[in-house]
Amino acid sequence: MSRQMKKEKYTSDVLEANKILFRCYLITDIVLVLAYALELAKGARTPGYYAKFLVFALVPLAAAVVLYRKNAGSVFLRTIISVGYAALYTFVLFTTTAPEAFVYALPMLVACAVYADKAFIARLGVGVMLINLIEINYGFITAKYTNANLSSMEIRVAVILLCMVFLGMVAAALMRMGQKQVEAASAAKERSEELLEKIMLTSGSMVELTDTVASRMNGLHESLSKTMLAMQEVTNGTDDAVNAVQLQLEKTEQIQSFVANVEEVSEVIGADIRTARKEITEGNQSVEELVTQVKHTNEASERVYSELEKLHTYAQQMEHIISAIEGVTKKTALLSLNASIEAARAGEAGKGFAVVASEISALAGQTNNATVEITTIINNVSDEVNALIAVIRELGESNRLQGNMALQTERNFKGIAEASADIDTQAERLGDAVKKLAGANAEIVESIQTISAITEEVTAHSGETYEISEQNGQSASEMLELVERLEELAQQLKQENKEE
């Protein structure tokens, strides 16, 4: 360590020690002044005594304050403080009535240990011991102390002696520690100088390396910029692909919905066709039964027509019979009239015959009336039979037309049944085709969803890659700035070392 550095360190240590000693001295004086002011207030001290005490306490303190403010690192400050406090201590020790007042010296002795100066501590200790020995002898001479206080005096001397020895040991230890610190600082300085030389060598290499790294970082920055542009284009392309796939997926889902609707309608049509076939089959059976019934009706109409013809013939025969009965009735009436005429001619003899003739005439009249009624009935029956024959003829003709229409309807139903069968077959084929279309479309939807998921994943990865590339570009820029800063620091360090 150079002499200049030793001098600077000594000055720094003295300054720090002066600060500590001055503060301890100030605090001790203030405490003693306040304590004696309390004694004055209690009446244990007189104002004159307290005034003398203030002179011994404040005059040295004022001198120390002036010197401390003028030059806090002065080596004479500790002398002024120690002499001034010794004067105050001597005054208190010789004027106090309390034998414990000797301990007032101990705080300042401890404070002076901060200088780590064995000679200074020894001088102070010897001075305190001499003052106490003088005060003890003076006390015994003036009868202030007696033989009863001898043991207290021995303890007093022993305490001061122990404090002197311990403070000397502490000062020696502090000196050794200070010396070790000085040696450690010297060794550290040597190591620092060696390290500085190595740093200079390293800084030279670092400048070269930073130039190389800066060049590489510039190339890396350009490469990252190109990568960012490429990833941006990839991201834009994948975004377009995602939009296209999404649109295709929407359209395919619409197709899937239409296919589902067609499949549903096909199933409904198939069900309706099957129902229609069932109804057509049942209708065909009904038509066949209707044709059979029409045939039976025609046959029955023919039989009724035949029977009505017979009935018409019988009615005509009955008309002939009625005509005969009318002829008989007319002849009977004529005979009855002739009989009545002959009976009138016969007189009395013909009265019985007249009665018979009258009865026959009455019977002939009744027969005539009955014949008229029967004729009327037969005519009515004949008219009704004729009308019924006409109706039966019309019914037969209608049945014939119905039979023809039933046959035509039967043929139509058979054609409808065959067409329905064909439609059912085509509907089944359409349903199968729709199901296959739905399955294929579902596979297309699933494939598009997979493509969409893959595209979105690629987009996400490309976005992440772009962000990472951007971060890497920022990191490369920051690293390039750091390298430039490091190069500047290395150049500055190299320049400073040359200047030293």
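When reading the values below, keep in mind they use all heavy atoms of this one structure, side chains included, and skip hydrogens, waters and symmetry mates.
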Within 6.0 angstrom of Lys52 NZ, more than 12 heavy atoms from elsewhere: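 Open: at most 12 neighbouring heavy atoms sit under 6.0 Å from NZ of Lys52.
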Arg45 to Phe53, cation-pi by 6.0 Å centre distance and 45° axis angle: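 Ring-cation test returns no.
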State the [atom1]-[atom2] distance between [X] and [Y], to the nearest 0.5 angstrom.
X      : Y      : atom1 : atom2 : result
Ile121 : Leu167 : CD1   : CG    : 5.5 Å
Cys112 : Arg123 : SG    : CZ    : 10.5 Å
Ile136 : Glu154 : CD1   : CD    : 9.5 Å
Cys163 : Leu106 : SG    : CG    : 4.5 Å
His296 : Glu289 : NE2   : CD    : 11.0 Å
Asn137 : Lys144 : CG    : NZ    : 12.5 Å

Under 3.5 Å: donor-acceptor pair, side chain of Ser82, backbone of Thr79: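 Yes, Ser82 side chain to Thr79 backbone: donor-acceptor pair under 3.5 Å.
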Least distance between heavy atoms, Ala86 atom then Ile131 atom: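 Scanning both residues completely, I find the closest heavy atoms to be O-CD1, 4.4 Å.
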side-chain contact (heavy atoms from CB on, under 4.5 Å) between Val157 and Asn132, intermediate numbers included: CA-CA 8 Å; Val157 173; Asn132 277 272; 5.9 Å; no
Phe120 and Tyr115: CA distance, side-chain angles, deciding distance, ring pair (Phe, Tyr, Trp, His ring centres under 6.0 Å) verdict: CA-CA 8 Å; Phe120 179 64; Tyr115 288 97; 5.7 Å; yes
Candidates Thr28, Asp29, Ile30 - the one meeting side-chain contact (heavy atoms from CB on, under 4.5 Å) with Leu26: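 Testing Leu26 for a side-chain contact (heavy atoms from CB on, under 4.5 Å) against Thr28, Asp29, Ile30 leaves exactly one candidate, Ile30.
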Listed partners of Thr95 passing side chain to side chain donor-acceptor pair (under 3.5 Å), at least two apart: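 Listed in chain order: Tyr49.
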Close side-chain approach of Thr90 to Glu135, heavy-atom, < 4.5 Å: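 Side-chain contact under 4.5 Å: no.
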Leu21 and Tyr85, any side-chain heavy atoms less than 4.5 Å apart: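 Contact flag for Tyr85/Leu21 side chains = no.
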Check against side-chain contact (heavy atoms from CB on, under 4.5 Å), Arg78 and Asp117: CA-CA 12 Å; Arg78 67 179 184 179; Asp117 188 347; 3.2 Å; yes
is_close_aromatic(Tyr138, Phe94), centroid dist under 6.0 Å: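 Here the rings of Phe94 and Tyr138 have centres that are less than 6.0 Å from each other.
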Aromatic contact, Tyr89 with Tyr104 (centres under 6.0 Å):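 Not close enough - the centres of the two rings lie 6.0 Å or further apart.
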Run the side-chain donor-acceptor check on residues 60-77: report pairs under 3.5 Å with partners two or more places apart or on a different chain.
residue, atom, partner, partner atom, Å
Asn71, OD1, Gly73, N, 3.3
Ser74, OG, Phe76, N, 3.2

side-chain contact (heavy atoms from CB on, under 4.5 Å) between Val165 and Leu162, worked out: CA-CA 5 Å; Val165 173; Leu162 289 175; 5.5 Å; no
Criterion side-chain contact (heavy atoms from CB on, under 4.5 Å) on Val159 and Phe102, from CA distance to verdict: CA-CA 10 Å; Val159 168; Phe102 77 94; 4.1 Å; yes
